[in-house]
Amino acid sequence: MQLGVLGLGRMGRIVADRSMAAGHDVVAFDVAEEAVADAADAGAEPADSISDLADRLDGDKRIWLMVPAGEPVDAALAELEAHLGSRDVVIDGGNSRFQDSVRRAESCPAAYLDCGTSGGPASAEEGFSLMVGGPEWAYEAMVPVFDAVATGPAGHDRMGAAGSGHYVKMVHNGVEYALMQAYGEGFELLADGRYDLDLEAVARTWNNGAVIRSWLLELCEEAFREEGTNLGTVADRVEGGSTGTWTVQEALEQEVPLPLIYTALAERFGSRSEGRFSRRLANRLRYGFGRHEVARND
Ligand SMILES: NC(=O)C1=CN([C@@H]2O[C@H](COP(=O)(O)OP(=O)(O)OC[C@H]3O[C@@H](n4cnc5c(N)ncnc54)[C@H](O)[C@@H]3O)[C@@H](O)[C@H]2O)C=CC1
Ligand SMILES: O=C(CO)[C@H](O)[C@H](O)COP(=O)(O)O
């Protein structure tokens with residue numbers, strides 16, 4: 001199959017490389033010229049604009065977007081629109097908000113597949129897990145490419161109607177936040193608790209047969225190995241948070257309780273504040289009601 005890949009960063013390049021390795025022909029474009037040149041060195045046909053990419057695709061067009069979520073997706077679709085018809089298929093493999101994907105599916109002249117992608121850059125060798133939403137015929141048409149980009153046929157499936165792929169990926173990310181929080185709390189108690197422990201050894205032991213073994217726990221083991229058991233100079237600050245925020249917003253709308261995921265998100269936001277106002281106020285209020293001594297910064 002001939003596939004246009006738009007966006008050749010950490011993830012899009014893997015889509016292109018795995019597709020080519022499976023025998024598909026890739027036409028590649030990125031706003032960064034070096035990324036296009038690198039993909040061309042790897043065997044892709046380079047395009048010098050989004051319109052050029054569309055023009056280079058013969059017959060029914062199959063295009064995979066792997067650009068940052070939000071405005072870049074709308075900008076790419078606006079430029080593609082004039083080149084698309086109802087037999088064409090556009091896949092958005094990024095972390096788009098599911099409501100945006102529903103809107104885009106309604107307005108895109110082509111069949112639109114929203115594809116949640118999990119595994120990250122580490123999946124270059126093994127392939128991704130793909131959660132796809134949108135029309136069944138379009139999903140079926142793209143199965144040869146999904147087989148190549150995912151871990152194989154079991155690594156992708158159609159979740160349901162438009163938006164469902166990104167909805168499932170949103171919830172996946174919420175679960176990711178809670179798992180990271182749980183591992184973090186467990187290792188914090190081990191680090192500050194009553195035994196002098198080698199946390200890499202703990203993680204390695206857990207990863208070999210324990211109930212809580214997982215890829216995230218393997219990444220904990222790697223972090224302790226590379227940074228040291230006290231995590232060295234790694235800062236007490238966690239960035240990101242958009243997909244977790246959407247998960248919590250959706251849970252509130254659906255009245256589904258997600259205390260663990262909310263707590264993990266709140267911890268992430270709290271990590272970005274130098275001195276938490278709520279803690280400072282609690283400190284001062286204890287003086288107000290109990291004349292307890294106020295701890296003060298020098
Ligand atoms: N990095 C990760 O672990 C994961 C990322 N994602 C999602 O995949 C998408 C891509 O992520 P990454 O590859 O990590 O980002 P990245 O920043 O490495 O790559 C994005 C690429 O898109 C290009 N780009 C931006 N606007 C463009 C446009 N209008 N036309 C053509 N190219 C354009 C950039 O030049 C860049 O090369 C995002 O939505 C991200 O949230 C999803 C799962 C995991
Ligand atoms: O989707 C992912 C993992 O599954 C990506 O790594 C994503 O960039 C994580 O972003 P955030 O930390 O803001 O949720």
Side-chain angles (χ1 to χ4, degrees), residues 4-18 26-40 44 46-54 63-81 83 90-98 100-101 104 114-124 126-132 149-150 155-156 165-181 184 214-216 219 237-250 261-262 264-269 271-272:
V5 179
L6 218 157
L8 301 165
R10 288 166 294 192
M11 300 291 283
R13 184 57 198 274
I14 297 172
V15 171
D17 288 349
R18 290 188 64 85
V26 167
V27 181
F29 175 70
D30 192 293
V31 287
E33 286 176 16
E34 331 75 85
V36 182
D38 285 350
D48 58 24
S49 67
I50 291 178
S51 297
D52 183 42
L53 176 139
I63 299 172
W64 190 308
L65 306 182
M66 211 64 193
V67 299
E71 199 276 330
V73 179
D74 284 317
L77 288 172
E79 205 169 332
L80 280 173
E81 191 171 358
H83 302 270
V90 174
I91 301 165
D92 173 14
N95 270 334
S96 292
R97 194 173 188 170
F98 78 93
D100 288 338
S101 299
R104 289 165 186 150
D114 51 283
C115 174
T117 304
S118 180
S123 295
E126 299 294 325
F128 296 125
S129 164
L130 301 175
M131 299 137 255
V132 187
V149 174
H156 62 88
H166 282 149
Y167 192 86
V168 174
K169 179 61 180 9
M170 173 189 79
V171 175
H172 160 288
N173 280 28
V175 172
E176 179 182 289
Y177 286 38
L179 289 174
M180 289 196 291
Q181 182 69 22
S214 72
W215 188 48
L216 278 172
L219 296 178
R237 180 182 176 86
V238 190
E239 300 295 346
S242 53
T243 52
T245 301
W246 302 338
T247 309
V248 170
Q249 286 171 339
E250 173 64 1
I261 294 174
Y262 172 71
L265 179 67
E267 282 286 325
R268 195 180 283 214
F269 290 158
S271 77
R272 299 173 200 165

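Each ligand, and each atom within it, is numbered from 1 in the order the structure gives. From a predicted model like this one, the values you see are computed outputs, not experimental measurements. When a residue number appears, it is its place in the shown sequence, counting from 1.
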Visitor: Report, in ascending order of atom number, the atoms of ligand 2 lying under 4.0 Å from any heavy atom of N95.
Guide: 1 (O), 2 (C), 5 (C), 7 (C)
Visitor: Say whether A76 and ligand 1 are in contact under the criterion: heavy-atom distance to a ligand atom below 4.0 Å.
Guide: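 The answer is no, since A76 has no heavy atom less than 4.0 Å from ligand 1.
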Visitor: Between S118 (side chain) and S129 (backbone), is there a donor-acceptor pair under 3.5 Å?
Guide: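 No; judged by distance alone, with no hydrogens or angles, the pair does not exist.
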Visitor: Quick test of your reading of the structure: of R268, E239, E176, whose heavy atom lies closest to atom 12 (O) of ligand 2?
Guide: R268
Visitor: Under a heavy-atom criterion of less than 4.0 Å, does A69 contact ligand 1?
Guide: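 Judged by the 4.0 Å heavy-atom criterion, A69 does count as contacting ligand 1.
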Visitor: Would you say that more than 12 heavy atoms from the other residues, nucleotides or ligands in this model lie under 6.0 Å from the CD of Q249, or not?
Guide: yes
Visitor: Taking N or O atoms only and a 3.5 Å limit, does G241 qualify as a polar contact for ligand 2?
Guide: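 The answer is yes, given that G241 and ligand 2 share an N or O pair closer than 3.5 Å.
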Visitor: Considering distance alone, does some N or O of T117 sit under 3.5 Å from an N or O of ligand 2?
Guide: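 In this structure, T117 places no N or O atom under 3.5 Å from an N or O of ligand 2.
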Visitor: For ligand 2, which atoms sit closer than 4.0 Å to a heavy atom of H172?
Guide: 4 (O)
Visitor: Checking contacts here: is it the side chain or the backbone of T117 that comes within 4.0 Å of ligand 1, counting heavy atoms only? Could be both or neither.
Guide: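 Just the backbone.
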Visitor: Relative to the heavy atoms of Y177, which atoms of ligand 2 are at a distance of less than 4.0 Å?
Guide: 11 (P), 12 (O), 13 (O), 14 (O)
Visitor: Taking N or O atoms only and a 3.5 Å limit, does N95 qualify as a polar contact for ligand 1?
Guide: yes
Visitor: Please state which option from G120, G9, G12, G93 has its nearest heavy atom closest to atom 19 (O) of ligand 1.
Guide: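 Comparing heavy atoms across G120, G9, G12, G93, the nearest one to atom 19 (O) of ligand 1 lies in G9.
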Visitor: Is there side-chain contact between V15 and T117, with at least one heavy-atom pair below 4.5 Å?
Guide: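 Side chain of V15 against side chain of T117, heavy atoms only: no contact under 4.5 Å found.
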Visitor: Has A35 got any heavy atom lying under 4.0 angstrom from an atom of ligand 1?
Guide: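 In this structure, A35 fails to qualify as a contact of ligand 1 - no heavy atom is under 4.0 Å.
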